[in-house]
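Side-chain atoms are counted along with the backbone in the values below, which use heavy atoms only and exclude waters and symmetry mates.
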Amino acid sequence: AAAVATGLEMPSGWEAGLHHEAMEIGPLGLILEISALDGRTRIKGFLEGGAAERAELLLEGDEVCEVNGLAIPIGISLACARLQRIVESEGAGAGRYIPVCVKRKSPWGMHQTVR
């Protein structure tokens, strides 16, 4: 499907009629996007000065598999609900170490898991 011309440039990978969900996860310092194309949660950006930016371990485009030991399901509504519960949990308090597991596509097309 082609995007309707509105004077705004559609980001690569976006299609008309598809809804992508973006969430800011303050305790982690992450901006995540859940894709309507494949239902996967990926890192879209970092909150300036946040934990993830300071750690310098994660990259934009990494697929988030787990946060604090909880798997992130595929699908917008399921992933949003799980991420919201993680943010509201006691384990996501400021200043605490929160483990994040991601899948990263290598330059050779292979996927690697980064913990």
So [Y] and [X], do their side chains get closer than 4.5 Å, heavy atoms only?
| X | Y | answer |
| --- | --- | --- |
| I43 | L32 | yes |
| L83 | T41 | yes |
| E48 | E53 | yes |
| C65 | V102 | no |

Shortest non-hydrogen separation from [X] to [Y] and the atoms involved:
| X | Y | result |
| --- | --- | --- |
| G61 | R42 | O-CD, 3.8 Å |
| I34 | A79 | CD1-CB, 3.7 Å |
| G29 | A52 | O-CB, 4.0 Å |
| L59 | R104 | CD1-NE, 3.5 Å |
| D38 | I74 | O-CG2, 3.4 Å |

Any donor-acceptor N/O pair, R82 side chain to P73 backbone, under 3.5 Å: no
To the nearest 0.5 angstrom, please state how far the [atom1] atom of [X] sits from the [atom2] atom of [Y].
| X | Y | atom1 | atom2 | result |
| --- | --- | --- | --- | --- |
| K103 | E66 | NZ | CD | 11.0 Å |
| F46 | E56 | CZ | CD | 10.0 Å |
| I76 | E33 | CD1 | CD | 9.0 Å |

Trace of the side chain to side chain contact (heavy atoms under 4.5 Å, CB included) decision for I72 with L78: CA-CA 8 Å; I72 304 303; L78 293 172; over 6 Å; no
Ion pair check, E63 and R40, cut-off under 4.0 Å: yes
Test log, rule side chain to side chain contact (heavy atoms under 4.5 Å, CB included), inputs L30 and L58: CA-CA 10 Å; L30 290 174; L58 303 173; 4.1 Å; yes
